[in-house]
Engineer: 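One structure, pasted below without further comment.
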Amino acid sequence: MKVETYKIHGWKEKEIGLLIDENEDWILVKHIPVDYVIDGFKLYRKSAIKKRKSKKKEALISRVLKLKNIETELPKNFDFKSQIELLKWSENQYGLFEFQDNDATLFYGKLNEIDGTYFTIDLIHPNGAIEKGYDYDFSIEDISAIAFKTDYFESIKLLMNDELKKEGQLSKV
């Protein structure tokens, strides 16, 4: 069980996670937002990582997580893929996706259109409202992290599904 701290290019705050798996492009962790709290999963794009370390602080967190019997299994049906394929997987698995860009700005959404190296989304607002065809072209290369199954992610999903139910559009998610 290994806990690591990540310094991401362009982000002010460091990120901490319990390492689950990695490949040549991605690192998958159980996200640790504070102290010994696990909150969902996070994928970091390796090319966005400036520094990666595991020292005394991380060893103590790892010790606590072992004592808490925290599991390090892969999420159901998970496989490392491209940025867009990972967003599609999250949307198929959970009904939406969450990603952060090079500035650590957080976005929740559903894929709308993919055009070469850019994509657009239907943006999901914090109140669960869906803004169809959000007017911004995201660069695929600007995705630094993808998260899912966090408490906030699940809350947005509940609100989104409630909004869709009100509109009579709820699908099985």
Side-chain angles (χ1 to χ4, degrees), residues 1-23 25-46 48-81 83 85-111 121 123-130 138 142-163 173:
M1 186 170 290
K2 185 175 185 183
V3 172
E4 295 183 323
T5 296
Y6 308 97
K7 176 66 181 139
I8 311 293
H9 290 284
W11 295 16
K12 291 179 180 145
E13 303 295 322
K14 293 177 184 171
E15 298 275 309
I16 300 174
L18 170 60
L19 182 64
I20 295 176
D21 200 3
E22 66 182 293
N23 72 358
D25 299 318
W26 295 98
I27 297 170
L28 175 65
V29 302
K30 281 198 171 176
H31 186 235
I32 303 170
V34 64
D35 297 330
Y36 312 112
V37 177
I38 295 284
D39 188 19
F41 294 91
K42 206 154 194 182
L43 281 155
Y44 298 107
R45 198 166 47 101
K46 282 188 172 178
I49 295 173
K50 191 181 208 176
K51 187 177 179 184
R52 179 179 180 181
K53 70 173 184 160
S54 184
K55 295 188 177 175
K56 284 183 183 179
K57 175 185 173 186
E58 293 82 7
L60 179 61
I61 295 170
S62 179
R63 180 176 165 206
V64 170
L65 298 180
K66 279 181 193 169
L67 292 168
K68 289 170 74 175
N69 294 318
I70 300 296
E71 305 230 352
T72 57
E73 74 285 344
L74 286 171
K76 185 180 178 184
N77 300 322
F78 178 81
D79 194 16
F80 290 108
K81 299 176 180 178
Q83 292 96 312
E85 290 301 314
L86 286 166
L87 294 179
K88 285 180 183 177
W89 172 83
S90 180
E91 185 176 338
N92 288 336
Q93 198 75 11
Y94 306 110
L96 71 156
F97 54 74
E98 171 187 336
F99 71 92
Q100 285 175 276
D101 65 11
N102 293 337
D103 299 324
T105 305
L106 197 59
F107 297 94
Y108 293 87
K110 294 173 169 274
L111 278 172
I121 65 173
L123 183 71
I124 302 170
H125 292 279
N127 65 357
I130 300 172
F138 294 97
D142 285 348
I143 297 173
S144 295
I146 298 170
F148 49 94
K149 299 277 296 172
T150 66
D151 185 68
Y152 197 78
F153 179 97
E154 293 297 319
S155 298
I156 296 293
K157 178 179 163 181
L158 288 170
L159 287 167
M160 175 193 74
N161 285 341
D162 192 50
E163 287 294 314
V173 187

Engineer: Tell me whether Glu85 is salt-bridged to Lys88, with the criterion being a basic N under 4.0 Å from an acidic carboxylate O.
Structural biologist: yes
Engineer: Let me see the working for Arg45 and Leu86 under side chain to side chain contact (heavy atoms under 4.5 Å, CB included), right down to the final yes or no.
Structural biologist: CA-CA 11 Å; Arg45 198 166 47 101; Leu86 286 166; over 6 Å; no
Engineer: For the atom pair CG (Asn69) and CG (Leu67), what is the distance rounded to the nearest 0.5 Å?
Structural biologist: 8.0 Å
Engineer: Once rounded to the nearest 0.5 Å, what's the spacing between atom NZ of Lys68 and atom CD1 of Ile61?
Structural biologist: 10.5 Å
Engineer: Please determine whether the number of non-hydrogen atoms from other residues, nucleotides or ligands lying under 6.0 Å from atom CZ of Arg52 exceeds 12.
Structural biologist: yes
Engineer: Given 3.5 Å as the limit, does a donor-acceptor pair link the side chain of Lys149 with the main chain of Glu154, or not?
Structural biologist: no
Engineer: Under 6.0 Å from the NZ atom of Lys57, do we count more than 12 heavy atoms belonging to anything else shown?
Structural biologist: no
Engineer: Determine whether a donor-acceptor pair (N or O, by modelled atom type, separation under 3.5 Å) exists between the side chain of Lys46 and the backbone of Asn23.
Structural biologist: yes
Engineer: For Ile32 and Tyr36: C-alpha separation, side-chain torsions, deciding distance, then whether side chain to side chain contact (heavy atoms under 4.5 Å, CB included) applies.
Structural biologist: CA-CA 7 Å; Ile32 303 170; Tyr36 312 112; over 6 Å; no
Engineer: Please indicate whether Glu73 has more than 12 foreign heavy atoms, meaning atoms of other residues, nucleotides or ligands, lying under 6.0 Å from its CD.
Structural biologist: yes
Engineer: How many angstroms lie between NZ in Lys14 and NZ in Lys51, if you round to the nearest 0.5 Å?
Structural biologist: 6.5 Å
Engineer: Evaluate side chain to side chain contact (heavy atoms under 4.5 Å, CB included) for Asp39 paired with Tyr152, printing each intermediate quantity in order.
Structural biologist: CA-CA 9 Å; Asp39 188 19; Tyr152 197 78; 5.8 Å; no
Engineer: In Å and rounded to the nearest 0.5 Å, what is the CG to CD1 distance from Leu28 to Ile20?
Structural biologist: 4.5 Å
Engineer: Measure from the side-chain N and O atoms of Glu91 to the backbone N and O of Leu111, and report whether any donor-acceptor pair falls under 3.5 Å.
Structural biologist: yes
Engineer: One pair to check against side chain to side chain contact (heavy atoms under 4.5 Å, CB included): Val29 and Leu18. What are the steps and the verdict?
Structural biologist: CA-CA 5 Å; Val29 302; Leu18 170 60; 5.5 Å; no
Engineer: Which atom pair, heavy atoms only, marks the closest approach of Tyr6 to Ile49?
Structural biologist: CD2-CD1, 3.9 Å
Engineer: Answer whether the closest heavy-atom distance between the side chains of Ile130 and Glu163 falls below 4.5 Å.
Structural biologist: no
Engineer: Does one side chain, of Thr5 or Glu58, offer a donor that lies under 3.5 Å from an acceptor on the other?
Structural biologist: yes
Engineer: Ring centres under 6.0 Å, that's the criterion: do Phe99 and Phe138 meet it?
Structural biologist: yes
Engineer: Among His31, Glu4, Gln100, find the one that has a side-chain contact (heavy atoms from CB on, under 4.5 Å) with Tyr44.
Structural biologist: His31
Engineer: Can you tell me how far the CG atom of Leu87 sits from the CD1 atom of Ile121, to the nearest 0.5 Å?
Structural biologist: 9.0 Å
Engineer: With a sphere of 6.0 Å drawn around NZ of Lys7, does it hold more than 12 non-hydrogen atoms of other residues, nucleotides or ligands?
Structural biologist: yes
Engineer: For Asp101 and Asp103, indicate whether the former's side chain and the latter's backbone hold a donor-acceptor pair under 3.5 Å.
Structural biologist: yes
Engineer: What are the two closest non-hydrogen atoms of Gly95 and Lys110, and how far apart are they?
Structural biologist: O-NZ, 2.8 Å
Engineer: Exactly one of Phe153, Phe41, Tyr108, Phe97 should register a ring-ring contact (aromatic ring centres under 6.0 Å, His included) with Phe148. Which one does?
Structural biologist: Phe41
Engineer: Taking atom NZ of Lys55 as the centre, report whether more than 12 heavy atoms of other residues, nucleotides or ligands fall under 6.0 Å from it.
Structural biologist: no
Engineer: Looking at every non-hydrogen atom in both residues, tell me the closest pair between Leu96 and Lys157 and how far apart they are.
Structural biologist: CD2-CB, 3.6 Å
Engineer: Looking at Lys81, I want to see if its NZ is surrounded by more than 12 non-hydrogen atoms of other residues, nucleotides or ligands under 6.0 Å.
Structural biologist: yes
Engineer: Roughly how far apart are Glu98 CD and Ile124 CD1, rounded to 0.5 Å?
Structural biologist: 10.5 Å
